[in-house]
Amino acid sequence: MALKKVGILTGGGDCAGLNAVIRAVTRAAIIQENCTVIGIEEGFEGLVCNRTQELTIRSTRDILTLGGTILGTTNKGNPFEYRQYAPDGSISIHDYSDRAFQNCKALGLDCLMVVGGEGTMEIAHRLYQMGVPVIGIPKTIDNDLEMTDYTFGFQTAVEVASDAMDRLHTTGRSHRRVMILEVMGRNAGWIALEAGIAGGAHVILIPEIPYRIERVVEKIRLRAEGGSPYSIVMVAEGAHEEGGSAVAQESAATRLQGVPQLGGVGFFLAGQIQEHITLEVRCTVLGHIQRGGSPCAFDRVLGTRLGSRAVEAAARGEFGNMVALRTPEVILVPLAEIAGKCRTVPLTSQMIHCAEAIGINLGRQNGFS
Ligand code: F6P
């Protein structure tokens, strides 16, 4: 069956490289398949509420380097658990998956490209099970999707975070302070680990390894005694103490999205450290700066490769799959094997060994440093 019409939506939190994917899908679909391309606005919200725009080579011109997504995105709008807000502030949850299915049909889509992270891939898989011809494209700064070496957006976030580390080093050393950088990473510590290694962190705390404050303080003290009265600590937002839980905000976002809004562990940790040492402690929360702005070259290339490979898969009718980087190739992996799974940093990972082998403290009892 010839491919005539392709839809594309971007779901979940944004990241750098989304527009590179939109551009690649649009160009490959038009140049290779002579297709019409329909952009669905604001993720699944646009699919439920039928908000679309046609994408052309002209309308996707100049967006390769542009941050964000020209289609808009939202963490809300899951068609299977659609949250509706009443003026009195109450929320009701509805199953609008049939509406999404019918809208795909009415649009005449031969394929729906779903660009997103783990939650978005789970929805994509459920739509595929209902009969929607879906192809997934992996995105997230957290890099926590199964079966792909990297998701696009991650390397850009690592670049931003390691640049921030470089800056904290100079001010931290000048003032003889302990500088904490809190980065994103809800369940997985990939950003903290990679950017921490790249940025010369002395301590890196990740969600996979609950920390002991005595170990962190010991490292800072040893450094001070050894003639380095300053330390740089990298902490992922989902990191927590042994026996504790991640620090979350009581916020409207938490209520509206139904998932806790993380953030604040950096300040919590600063308070803990300050109780034990005389050096001053400061905390910086990098937050959404990691998600905004222009993608690095790696993410531009990865996004473009994934987008063009997705069109190829659609033309061959290989639905129900996600395109994935298996270096050096881009392959297809079944959505069924990714849906609902989160790829955390394995404790046996060489990254963890490498960090500890060079003396980075990971806050654990039996770590090397
Ligand atoms: O999933 C990516 C992510 O960046 C998480 O690390 C973070 O917890 C979350 O998005 C924050 O999302 P938002 O503030 O957009 O709800």
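Bear in mind that the values here come from a model prediction, so they are computed numbers and not experimental data. Both ligands and their constituent atoms are indexed starting at 1 by order of listing.
Nearest protein neighbour of atom 2 (C) of ligand 1, counting heavy atoms only, is Asp142 OD2, 3.5 Å. Of all protein heavy atoms, the one closest to atom 4 (O) of ligand 1 is Met184 SD, 2.9 Å. For atom 7 (C) of ligand 1, the closest non-hydrogen atom on the protein side is Glu237 OE2, 3.1 Å.
Neither the backbone nor the side chain of Gln261 comes within contact range of ligand 1; no heavy atom lies under 4.0 Å.
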Original post:
Can you list the steps and then say if Leu55 with Leu71 is a side chain to side chain contact (heavy atoms under 4.5 Å, CB included)?
Top reply: CA-CA 10 Å; Leu55 297 173; Leu71 294 175; 4.3 Å; yes

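You'll find the ring centres of Tyr96 and Phe80 outside the 6.0 Å limit.
Contact annotation: Leu262 has no heavy atom less than 4.0 Å from any atom of ligand 1. Using a 4.0 angstrom heavy-atom cutoff, Gly185 counts as in contact with ligand 1. Within the structure, the closest approach of Gln290 to ligand 1 does not fall below 4.0 Å when heavy atoms are considered.
In the hydrophobic clustering of ILVMFWY residues, with side-chain heavy atoms under 4.5 Å counting as a link, Val265 and Met234 come out apart.
Atoms of ligand 1 found under 4.0 Å from any heavy atom of His288 (numbered from 1 in listed order, with element): 13 (P), 14 (O), 15 (O). Close contacts between ligand 1 and Arg291 involve ligand atoms 3 (C), 4 (O), 9 (C), 10 (O), 11 (C), 12 (O), 13 (P), 15 (O) [criterion: under 4.0 Å to a heavy atom]. If you number the atoms of ligand 1 from 1 as listed, the ones under 4.0 Å from a heavy atom of Asn75 come out as 13 (P), 15 (O), 16 (O). Heavy-atom proximity to Ile141, at under 4.0 Å, picks out these atoms of ligand 1: 4 (O).
For Cys49 against Asn103, the heavy-atom pair with the smallest separation is N-ND2, 4.4 Å.
A 4.5 Å side-chain heavy-atom check between Val114 and Ile135 finds every atom pair outside the cut-off.
Taking Arg282 as the reference, Glu280 meet the salt bridge (Lys or Arg N to Asp or Glu O under 4.0 Å) condition, with sequence neighbours excluded. Shown here are the salt bridge (Lys or Arg N to Asp or Glu O under 4.0 Å) partners of Arg309, two or more places apart in sequence or in another chain: Glu312.
Relative to the ring axis of Tyr211, Arg364 does not place its NZ or CZ within 45° and under 6.0 Å from the centre.
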